[in-house]
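In what follows, every chain begins at residue 1, and chains take the letters A, B, ... in the order their sequences are listed. Because the structure is predicted, anything quoted here is derived from the model rather than measured.
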Amino acid sequence: MSRTIPYRFEPNATAAALHAEHGEIEDGTETGVQVTIAGRLMLRRVQGKLAFGTLQDSTARIQLFAPGKVTPDFADFCDLNIGDWIGVTGEVMKTRKGELSVKVEGWSLLAAAARPFPDKFHGITDQDTRYRQRYVDLWVTPESREVFVLRSKAISLTRRWLEDRGFLEVETPMFHPIPGGALARPFTTHHNALDQELFLRIAPELYLKRLTAGGFERVFEIGRVFRNEGMSTRHNPEFTMLELYQAYADYADIMVLVEELVEHLALELVGTTELPYGDKTINVAAPWRRASMIELIEETTGQVVRLDMPIDDLRAIAREFHVEVKDSYGPGKLILEIYEKTTESVLWDPVFVTDYPKEVSPLSRDHRELEGFTERFEGIIAGRELCNAFSELIDPVEQRARFEDQAQQKADGDDEAMVVDEDYLRAMEYGLPPTGGLGIGIDRLVMLLANVHTIRDVVLFPTLRPEAT
RNA sequence: GCGCCUCUAGCUCAAUUGGCAGAGCAAUAGACUCUUAAUCUACAGGUUCCGGGUUCAAGUCCCGGGGGGCGUACCA
């Protein structure tokens, strides 16, 4: 069969709309309504001089009803392969057996599938193939398509929600001359004309705070960040982060913002705040619990830890919980390690874990009451970090001291430590108002909303080894 | 990085103690005017992930390598 492929095609209906508008008509009746639809032929049942097909578009599936006396080039229509793209024009009707259909009174081949489609019932089960050939997976794994539609809606709703609260969306550089804003190893690249080493950003944080200094009182950015670290069910080397900064706010304000945003997304996208997740549910209704790291460690382990206890005591406690203790760890780092080892993964319903040690929080402001701690929190859901936020450090002198401490840690061999960013310090020296800041991992948020358990199921094209050829 | 599991036709899966590599779907050729994972007939489809080894004989056992999954470690 050789057919000319048209240059354009103009559908005026979708499968889902047809089901919504005509789903209730009587069996064996015709509507008199002519429509044009397009999609892939997913199933085909030729029965002599009558053929049935199942057409799938981006919304749903609908049956094609093709009597030999009505359908032009009937033999060619019967020769279509599963996976072929076609456009169909005809009347909306329901078969005697009660299946809503479009009678094929005209049709065009829009693309032939030269490769056989996967098993029409089982689809693709091999994870690797699903990720590498997402263009096939999206057709044969309905849940896969649904997750990415949900992801798109979640990001769109988030944008609207923030804009309604006066936030301005901005774009800041992905190439950073100095990697900063988080503790992570960066990817490195090189600009030829400048003959300069550049880093793919590990966080937009320091640029967004420059904008706060620049007078944008509420800014946010949703974009990709890159971290040259391990891959797992929760880590992809490139992932999507929402960061926002709100002038005149502190970390308590940001907690309210987070719980309200997540509650809003759950209600809009899942219809409830009781999110099914695996064989349990997660209740994301606001307000979420607030509890300090120290408090939570004691709650789960019975062990009291304090920043001002003798460091050897802290080291002993850490070893007791099988934490790998390095000599360079101060008390703050030890407490964080103990928390991550014993407590984080057992927290299920949302909790804001507050008051992180200053030692491990180089960009957060000193706690207004607790010596040695900062006004920082992480939102933990299902044992995983959803977000990280703080009352931003606004004192340039203190920030310089923290940077220099980080630089020393880097010199001591910590390749995730920060380096001094003089331009950021200059911006702070011009004055940064009290500011609350937030980073949310969008991929992990979508995992929660979509009830999926691996980040690769919420990233269209996850990072994989190159395919062997 | 470490441990366990896995890899057979385009897809989904079989193959007993080591004994001729098979089936369904898809594809190809045909039959069939209410099917819907249509059905029926016929035909075709293979570097069993790769490379070694043991054996009369290897998809199967052993060694090495590769891809993938899970767990763990790492990871703001």
> How long is the line joining CZ of Arg115(A) and P of rA9(B), in whole Å?
Replying inline: 15 Å

> Mind checking the P distance from rU54(B) to rC7(B)? Whole angstroms is fine.
Replying inline: 25 Å

> NA contact type, Gly123(A), heavy-atom cut-off 4.0 Å: base, sugar-phosphate, or nothing?
Replying inline: sugar-phosphate

>> Could you tell me how far apart His453(A) (NE2) and rG71(B) (P) are, to the nearest whole angstrom?
In response: 11 Å

>> Taking rU33(B) as the reference, what is the distance to rA38(B) when you measure between their C1' atoms (whole Å, please)?
In response: 13 Å

>> By nearest heavy atom, map Ser101(A) and Thr125(A) onto RNA chain B; which one lands nearer the 5' end?
In response: Thr125(A)

> If you look at every strand shown and take non-hydrogen atoms under 4.0 Å, does Pro362(A) touch a base, only sugar-phosphate, or nothing?
Replying inline: base

> Among Asp137(A), Asp457(A), Asp126(A), which residue meets the side-chain hydrogen bond (donor to acceptor under 3.5 Å, both in side chains) test with Tyr131(A)?
Replying inline: Asp457(A)

> For atom P, what is the distance between rU60(B) and rU41(B), given to the nearest Å?
Replying inline: 35 Å

>> Within 45 degrees of the ring normal and closer than 6.0 Å to the centroid, is that where the cationic atom of Arg210(A) sits relative to Tyr207(A)?
In response: yes

> If you measure only the distance, is there a donor-acceptor pair under 3.5 Å linking the side chains of Arg456(A) and Asn236(A)?
Replying inline: no

>> Can you classify the ring geometry of Phe220(A) versus Phe167(A) as parallel (below 30°), tilted (30 to 60°) or perpendicular (above 60°)?
In response: perpendicular

>> Among rG68(B), rU36(B), rA76(B), which nucleotide has an atom closest to any side-chain atom of Arg45(A)?
In response: rU36(B)

> When you check every protein heavy atom under 4.0 Å of nucleotides 26-34 of chain B, what one-letter string (B, S, -) results, 5' to 3'?
Replying inline: SSS---BBB

> To the nearest angstrom, how far is Leu41(A) atom CG from rA38(B) atom C1'?
Replying inline: 14 Å

> Of the residues in residues 374-385 of chain A, which ones touch RNA chain B at a heavy-atom distance under 4.0 Å?
Replying inline: Arg376(A), Glu385(A)

>> Can you see if the side chain of Thr54(A) gets near the phosphate of rU36(B) - specifically, an N or O under 4.0 Å from OP1 or OP2?
In response: no

> Which value, in whole Å, describes the distance between the P atoms of nucleotides rG65(B) and rC11(B)?
Replying inline: 27 Å

> Taking the C1' atom of each, how far is rU12(B) from rG53(B), in whole Å?
Replying inline: 33 Å

> What is the distance, rounded to the nearest whole Å, between atom CD of Gln127(A) and atom P of rU12(B)?
Replying inline: 11 Å

>> Can you pull out every side chain to side chain donor-acceptor pair (under 3.5 Å) where at least one residue sits in residues 49-68 of chain A? Sequence neighbours excluded, please.
In response: Arg45(A)-Thr54(A), Arg45(A)-Gln63(A), Gln56(A)-Arg61(A), Asp57(A)-Thr59(A), Gln63(A)-Ser101(A)

> With a 3.5 Å cut-off and no angle check, do the side chains of Thr89(A) and Thr36(A) form a donor-acceptor pair?
Replying inline: yes

> In which ranges does RNA chain B form stems of 3 or more consecutive Watson-Crick or G-U pairs, distances under 3.5 Å?
Replying inline: B:1-7 with B:66-72, B:10-13 with B:22-25, B:28-31 with B:39-42, B:49-53 with B:61-65

> When the distance from CG of Leu386(A) to P of rA76(B) is rounded to whole Å, what number comes out?
Replying inline: 16 Å

> Nearest of rU12(B), rA76(B), rC70(B) to any side-chain atom of Asn388(A)?
Replying inline: rA76(B)

>> For the backbone of Phe74(A) and the side chain of Thr71(A), can you confirm whether one donor and one acceptor N or O come within less than 3.5 Å of each other?
In response: no

> Any side-chain heavy atom of Gln406(A) sitting closer than 4.5 Å to one from Arg402(A)?
Replying inline: no

>> What is the distance, to the nearest angstrom, from the CG atom on Asp457(A) to the P atom on rG69(B)?
In response: 11 Å

Can you give each donor-acceptor pair under 3.5 Å made by side-chain atoms of residues 174-182 of chain A, sequence neighbours left out, with the distance rounded to 0.1 Å?
| unit_1 | atom_1 | unit_2 | atom_2 | d |
| --- | --- | --- | --- | --- |
| His176(A) | NE2 | Pro173(A) | O | 2.9 |

> Using a cut-off of less than 4.0 Å, is there contact between a side-chain N or O of Arg132(A) and OP1 or OP2 of rG68(B)?
Replying inline: yes

>> Can you measure Asp128(A) atom CG to rC70(B) atom P for me and round it to whole angstrom units?
In response: 11 Å

> With sequence neighbours excluded, what pairs up with His22(A) under the ring-ring contact (aromatic ring centres under 6.0 Å, His included) test?
Replying inline: none

> Expressed in whole Å, how much space separates the C1' atoms belonging to rG68(B) and rG22(B)?
Replying inline: 25 Å

> Are any non-hydrogen side-chain atoms of Asp443(A) and Thr240(A) less than 4.5 angstrom apart?
Replying inline: yes

>> Students often mix this up, so state it plainly: with edges at 30° and 60°, are the rings of Tyr251(A) and Phe377(A) parallel, tilted or perpendicular?
In response: tilted

> Nearest to the side chain of Tyr131(A), which nucleotide is it out of rG69(B), rA37(B), rA76(B)?
Replying inline: rG69(B)

> Reckon Thr129(A) touches a base, only the sugar-phosphate, or nothing at all at heavy-atom distances under 4.0 Å?
Replying inline: nothing

> Using the C1' atom in both, what is the distance from rA21(B) to rA14(B), to the nearest Å?
Replying inline: 10 Å

> Is Trp107(A) close to Leu80(A) at the side-chain level, that is, under 4.5 Å between some pair of heavy atoms?
Replying inline: yes

> Is a salt bridge present between Glu238(A) and Arg224(A), judged by a nitrogen-to-oxygen distance below 4.0 Å?
Replying inline: yes

>> Work out how far the P atom of rG64(B) is from that of rU8(B), and round it to whole angstrom.
In response: 22 Å

> Can you check the Met42(A) CE to rA37(B) P distance for me, whole Å?
Replying inline: 14 Å

